[in-house]
Amino acid sequence: MARTQRQQPSKPSPAMEPQAAGRPVEASEDPPPPTAKMSKEFTYQDVAEYNTKKDIHVVIHDKVYDCAQFIDEHPGGEEVMLDVAGQDATEAFEDVGHSDEARETLDRLLVGTLKRQPGDPAPKAAPAASTSSASKSDSTGLGIGLYALLLVGGVIGYGAFQYLAKQQEVQQAA
Ligand code: HEM
């Protein structure tokens, strides 16, 4: 007998449609994977189109964020965000030293990932953790090296002074 029609699991749920509406051109037939918003890929050119207050996307650490709903709430003001609208805002975002709370807000705004293409500009700032710890340990290493050098120099100087003093004593005694 005829099978009763079931809901197609591959059909996008209405909740996802607003996301799909803003999509540039391609891939309208790809069913969105269940894992979400996050899976959409943007090129730099795609992101660059979202450069107005009402339609603003930014790239931070190769992820794409839709800040249209957030820009009015941004404690740092809308100006700074408009400065990086449609661009890579990694450096601007990290330079401010945003809090963990700010990073949690980012999670809410995530709409996809950046698909880097040959010829695209390199990321403005390398992922925070690894570089900063590397440079930190570098500078610590230099600091310790400097102290060690001063210490060794001091010890040698003191030894030389003692030696000369002894020599003089011997000469005077003779
Ligand atoms: C979508 C990306 C962004 C989010 C979610 C965000 C979120 C926040 C939050 C929650 C704060 C309050 C302080 C804190 O918790 O750290 C803040 C402050 C600030 N943000 Fe952002 N921000 C974003 C992008 C940017 C960008 C691109 C800039 C560019 C320079 C910027 C500049 C600032 C400044 C200057 C403050 C300090 C405001 C003050 O303390 O007076 N933010 N941001």
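Just so you know, ligand 1 is whichever comes first in the structure, and atom 1 is the first atom listed for that ligand.
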key: Any donor-acceptor pair under 3.5 Å from Thr90 side chain to His61 backbone   =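 Indeed, once roles are kept as given, a pair shorter than 3.5 Å links the two residues.
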
Nearest neighbour in protein (non-hydrogen) for [atom]:
atom: atom 36 (C) of ligand 1; answer: Gly76 CA, 3.6 Å
atom: atom 2 (C) of ligand 1; answer: Leu106 CD2, 3.6 Å
atom: atom 5 (C) of ligand 1; answer: Phe70 CE2, 3.5 Å
atom: atom 11 (C) of ligand 1; answer: Pro75 CG, 3.3 Å
atom: atom 3 (C) of ligand 1; answer: Phe93 CE1, 3.6 Å
atom: atom 27 (C) of ligand 1; answer: Val84 CG2, 3.7 Å

Out of all atoms in ligand 1, which are within 4.0 Å of some heavy atom of [X]? Include the element for each.
X: Met81; value: 1 (C), 2 (C)
X: Ala92; value: 29 (C), 30 (C)
X: Cys67; value: 1 (C)

key: Any N/O pair Ser99/ligand 1 closer than 3.5 Å   =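 Checking ligand 1 against Ser99, an N or O pair does fall under 3.5 Å apart.
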
ask   = Looking at ligand 1, does any of its N/O atoms fall within less than 3.5 Å of an N/O of His74?
value = yes

Evaluate the side-chain proximity of [Y] to [X]: yes if any heavy-atom separation is below 4.5 Å, no if none is.
X: His74; Y: Val80; result: yes
X: Gln87; Y: Val47; result: no
X: Gln69; Y: Leu109; result: no
X: Lys40; Y: Val111; result: no

message = Looking at every heavy atom in both Ala68 and Lys54, which two are closest together, and how far apart are they?
response =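 Heavy atoms of Ala68 and Lys54 come nearest at CB-O, 3.3 Å.
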
inquiry  = For a quick test of reading the model, state the closest non-hydrogen atom pair linking Arg103 to Phe93 and the distance between them.
reply    = NH1-CE2, 3.9 Å

query = Pick one: which of Tyr65, Phe70, Tyr50 meets ring-ring contact (aromatic ring centres under 6.0 Å, His included) with His57?
reply = Tyr50

request  = Return a yes/no value: protein heavy atom under 4.0 Å from atom 13 (C) of ligand 1?
outcome  =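 It does not; no protein heavy atom is within 4.0 Å.
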
inquiry  = Surrounding CD of Gln162 (heavy atoms of other residues, nucleotides or ligands, distance under 6.0 Å), is the total greater than 12?
reply    =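 For Gln162, atom CD is crowded (more than 12 foreign heavy atoms under 6.0 Å).
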
message = With a heavy-atom distance limit of 4.0 Å, tell me whether His98 approaches ligand 1 through its side chain, its backbone, both, or neither.
response = both

